[in-house]
Amino acid sequence: MLRGFRWQFVALVFALILFIVAVTTRSNPQPGPQPTAITENTPTAAAENTPLPTETPIPAAEATQLPASIVDTVPTYREALVGDVRRLNPLLRGLNPAEDDITSLIFEGLVRTNQYGEPEPDLATDWVVASNYIEYVFTLRRDVLWHDGTPFTARDVAFTMELLRDPNFPGDPEVGAFWQTVETQVLDDYTVRFRLTQPLGSFLDALRVGILPEHALSGTTAEMLIDHPFNLSPIGTGPYQREAIRTDDGSRITVVDLRAAPVYAQRPEGQSGFGVERVRFQMYESFDDALSALNSGNVDGLATRNRAQRLALLNLPDVTLHTKLEPTLGTLIFNWRRPEDSNTLNPFREDRVRNALVRGANRDSAVQRHMLNVAVPANNPLMPGSWAFAADIGFPGYDPQTSLSELERVDLEVESEGATEEPAASNPLDFSILVPEDPALANLAAELAGQWGQIGLSVTVESEAPDAYRERLNSGTFDMAIVELSLGNSADPDVYSFWHQGQFPDGDNVSAVDDRRISETLERARRDPFGLNRIEHYRDFQTAFVERSIAIPLYYPLYTYVVSERVDGVQLGFVGEPSDRLRNIREWTIADTSQ
């Protein structure tokens, strides 16, 4: 009787066997893939890749989960950053330099800069400028995905610009004020139009701002942006994406790991691969702590933020030193303010006086003597390495005899009602140089004063604390002063705010330069959107600046970046902002991947 159910009986027995095997396997699970995003609670463990309990949730954007044995062999570049990390959001850039460095690898703008500081397409393929110079139409790339796989479109651009122009924008007030003057219109999914209130040649530089994903932040207002969870789980389009964030016991972020973004690798520029697959930023509370980590081999790279830090990086063993110029000009300015009293003389409004001071100072020698290894002599109001810099235009060299001849031809008498007034009790060519409290700058000024003393001038040096120094500059209570004019985080050579007549008294023209030719050349350079035209305008500016001795350029501070000898392929082009040092990081290679 059971013979007819033989096959059914065999199937039942087989099913029971499978059930027993499944129960046994479930009771004794095999080790599975370990998550790569681990929140560790000690800096030492982070440096040694020791897995510790997870404290920060792994965001959905992280798609790669690899066994620890594989993770340890990932080519990793480790860089020390000084400061805290709270928000990885490109719209909040400028508030924290350490965050700017990290977000530069996660996010992209419509435009980026090349090794000469020139704007070139990034998320855009090209753009067209209208004949009125105030409308720009951008065509966007169609092959770009966000790190979570969502396509990038014009809606993301419009959303980002809406946050920037919001009156409650929590970032840099000047950035917000600028974008409130710009209209953005989506023409289709891959075309965007911008409309300015007036022509602005540096507009392309402003479009380097990182674009945010509309789909991940939909419904978010500018006011909500400052504390949004997105800031620590960012989704960008850049070459690297967030892999892990590690904290100490006090929830201070100590390590941010970025991993090569798979969606970027699919793009033409990413198909050559990544020599550095992981970038690890390790946070330190002080530069000395970061320097110790570099010396002990716990990190591979460290960049300077000021002159004192640069000196500490010189002559370190087992590192390669990379040096470029900061986008800053150290210059000696004249006080051009017009005297309220018509019988009071201002010698600095006389071309011959300024020319005599230029020729009567051996500037290169003084800079090399007092700022050795921290700055190099400057001879032009623009930055070398910039596309606008004219290398063949510069100030004349040290020539005390010509300087004396110029001074002898100066007529500083004041005529009133047809009669010549008696000379003032004090010599109008006796003056002082104002400097901040900085021994190097005070010594530099003292040497210049001594050189001018050799041609019959009486010059003193006044050193002030930072607040008093700034107050005297703003109030105009100085004769001459050494100032550092910084382009900030801009790669554009626009120096309009420093030298244009209209930028006094409410702008950055603290020397009150009042020269119409200079102002006109800067106006043309600022209004023209075309690079070739702007090169000619800035050439005219540099020529006029030198011929009329508007100020005396002294030095360019040096920017220094050191990396371990195991890191190869680092190339620094024009450094408009510190994060530009990472411009070609995908092309770097790590000689030894063991950690």
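The structure displayed is predicted, hence computed values, not measured ones.
- At a threshold of 4.0 Å, the pair Arg581-Asp101 counts as salt-bridged, since one of the basic side-chain nitrogens sits closer than that to a carboxylate oxygen.
- Here OG of Ser497 is found 8.5 Å from CG of Asn509. Values are rounded to the nearest 0.5 Å.
- In the model, Glu462 has a side-chain atom that pairs as donor or acceptor with a side-chain atom of Ser432 under 3.5 Å.
- No donor-acceptor distance shorter than 3.5 angstrom exists from the side chain of Thr331 to the backbone of Ile333, with no hydrogens or angles considered.
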### Query
side-chain contact (heavy atoms from CB on, under 4.5 Å) between Ser386 and Glu118: does it pass, once the steps are laid out?
CA-CA 8 Å; Ser386 167; Glu118 296 173 299; over 6 Å; no

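- Between Glu484 and Thr328, the side chains place no donor N or O within less than 3.5 Å of an acceptor N or O (distance only, hydrogens not considered).
- Minimum interatomic distance between Tyr77 and Val563 (heavy atoms only, all atoms of both residues): OH-CG1, 3.7 Å.
- Counting only heavy atoms from C-beta outward, the side chains of Asn306 and Phe287 never approach each other to under 4.5 Å.
- The neighbour count for Glu269 CD, taken as heavy atoms of other residues, nucleotides or ligands under 6.0 Å away, is above 12.
- Using modelled atom types, no side-chain atom of Arg259 and backbone atom of Glu243 make a donor-acceptor pair closer than 3.5 Å.
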### Intermediate values then yes/no, side-chain contact (heavy atoms from CB on, under 4.5 Å), Glu464 and Leu434
CA-CA 7 Å; Glu464 296 278 13; Leu434 174 67; 3.5 Å; yes

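- Nearest heavy-atom pair across Ala293 and Tyr284 is CB-OH, 3.2 Å.
- Checked by atom type and distance alone, the side chain of Asp494 never pairs as donor or acceptor with a backbone atom of Ser202 at under 3.5 Å.
- Note that CD1 of Ile245 and OG of Ser233 are 6.5 Å apart. Values are rounded to the nearest 0.5 Å.
- When each of Asn489, Asp492, Val111 is checked for a side-chain contact (heavy atoms from CB on, under 4.5 Å) with Asp205, only Asp492 meets the rule.
- Annotation: the span from Asp568 atom CG to Ile590 atom CD1 amounts to 9.5 Å, rounded to 0.5 Å.
- The closest side-chain heavy-atom distance from Pro381 to Phe541 is below 4.5 Å.
- Among all heavy-atom pairs drawn from Ile211 and Trp146, the shortest one is O-CH2, 3.3 Å.
- For the residue pair Gln282/Asn298, the side-chain donor-acceptor check at 3.5 Å is not satisfied.
- Side-chain rings of Trp499 and Phe545 approach one another, their centers coming within less than 6.0 Å.
- Looking only at distances, no side-chain donor or acceptor of Asn584 sits under 3.5 Å from a matching main-chain atom of Glu587.
- Phe431 has its side chain out of reach of Phe478: every pair of non-hydrogen atoms, C-beta onward, lies at least 4.5 Å apart.
- Salt bridge absent: Arg208 and Asp122 never bring a charged side-chain N and a carboxylate O closer than 4.0 Å.
- Proximity of a side-chain donor or acceptor of Thr323 to a complementary backbone N or O of Thr560 within less than 3.5 Å is not detected.
- Arg310 and Thr304 are not linked by any side-chain donor-acceptor pair at a separation below 3.5 angstrom, with hydrogens and angles left out of the test.
- For Arg86 and Asp84, the salt-bridge test passes: some basic side-chain N is under 4.0 Å from an acidic carboxylate O.
- Looking only at distances, no side-chain donor or acceptor of Ser365 sits under 3.5 Å from a matching main-chain atom of Asn362.
- Atom CG of Asn315 has 12 or fewer heavy atoms from other residues, nucleotides or ligands within 6.0 Å.
- The distance from the CG atom of Asn379 to the CZ atom of Phe395 is 7.0 Å, given to the nearest 0.5 Å.
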#### Entry: Chi angles and distances behind the salt bridge (charged side-chain N to carboxylate O under 4.0 Å, His left out) call for Arg246, Asp257
CA-CA 8 Å; Arg246 313 166 201 267; Asp257 279 347; 2.3 Å; yes

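- Counting all heavy atoms, side chain and backbone alike, Pro377 lies closest to Val367 at N-CG1, 3.9 Å.
- Between Phe230 and Phe107, the ring-plane angle classifies as tilted under the 30° and 60° cut-offs.
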### Task
With side-chain hydrogen bond (donor to acceptor under 3.5 Å, both in side chains) as the test, would you mind laying out the steps for Glu471 and Tyr469 before giving the verdict?
CA-CA 5 Å; Glu471 172 58 29; Tyr469 167 78; over 6 Å; no

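- Side chains of Arg472 and Val510 form no contact here, defined as non-hydrogen atoms less than 4.5 Å apart.
- Of the charged side-chain nitrogens involved, none lies within less than 4.0 Å of a carboxylate oxygen, so that Glu79 and Arg280 do not count as a salt-bridged pair.
- Counting all heavy atoms, side chain and backbone alike, Leu558 lies closest to Glu326 at O-OE2, 3.7 Å.
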### Message
Apply side-chain hydrogen bond (donor to acceptor under 3.5 Å, both in side chains) to residues Asn231 and Asn89 and explain how you reach the verdict.
### Response
CA-CA 6 Å; Asn231 294 334; Asn89 189 315; 3.0 Å; yes

### Query
Run the side-chain hydrogen bond (donor to acceptor under 3.5 Å, both in side chains) check on Thr543 and Arg539 step by step: do they pass?
CA-CA 6 Å; Thr543 299; Arg539 184 175 183 82; 5.3 Å; no

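- More than 12 non-hydrogen atoms from other residues, nucleotides or ligands lie less than 6.0 angstrom from CG of Asp392.
- The CG atom of Leu372 sits 9.0 Å away from atom CG of Leu314, with the distance rounded to the nearest 0.5 Å.
- The local environment of CD in Glu565 is crowded, with over 12 non-hydrogen atoms from other residues, nucleotides or ligands closer than 6.0 Å.
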### Message
If you apply the rule side-chain contact (heavy atoms from CB on, under 4.5 Å), what do you find for Arg307 with Met371, and how did you get there?
### Response
CA-CA 9 Å; Arg307 295 197 296 272; Met371 305 193 75; 3.8 Å; yes

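- Between the side chain of His500 and the main chain of Gly507, no donor-acceptor pair closer than 3.5 Å is present.
- A side-chain donor-acceptor contact under 3.5 Å links Trp452 to the backbone of Leu357.
- A distance below 6.0 Å separates the ring centres of Tyr240 and Phe274.
- Using a cut-off of 4.0 Å between Lys/Arg side-chain N and Asp/Glu carboxylate O, Glu99 and Arg87 are scored as not salt-bridged.
- Put simply, the side chain of Arg583 gets close to the backbone of Thr113: a donor and an acceptor are under 3.5 Å apart.
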### Message
Apply side-chain contact (heavy atoms from CB on, under 4.5 Å) to residues Leu325 and Val376 and explain how you reach the verdict.
### Response
CA-CA 9 Å; Leu325 303 180; Val376 295; 3.6 Å; yes

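- The side-chain tip of Arg526 points at the ring of Tyr496 from less than 6.0 angstrom away and within 45° of straight on.
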### Task
Verify side-chain hydrogen bond (donor to acceptor under 3.5 Å, both in side chains) between Arg278 and Thr76, making sure each step is shown before the conclusion.
CA-CA 5 Å; Arg278 175 188 291 121; Thr76 301; 3.0 Å; yes

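- The distance from atom CG of Leu212 to atom OG1 of Thr160, rounded to the nearest 0.5 Å, is 4.5 Å.
- Using a distance-only test at 3.5 Å, with no hydrogens or angles considered, a donor-acceptor pair links the side chain of His147 to the main chain of Gly236.
- Closest heavy-atom contact between Ala98 and Leu81: O-CD1, 3.7 Å.
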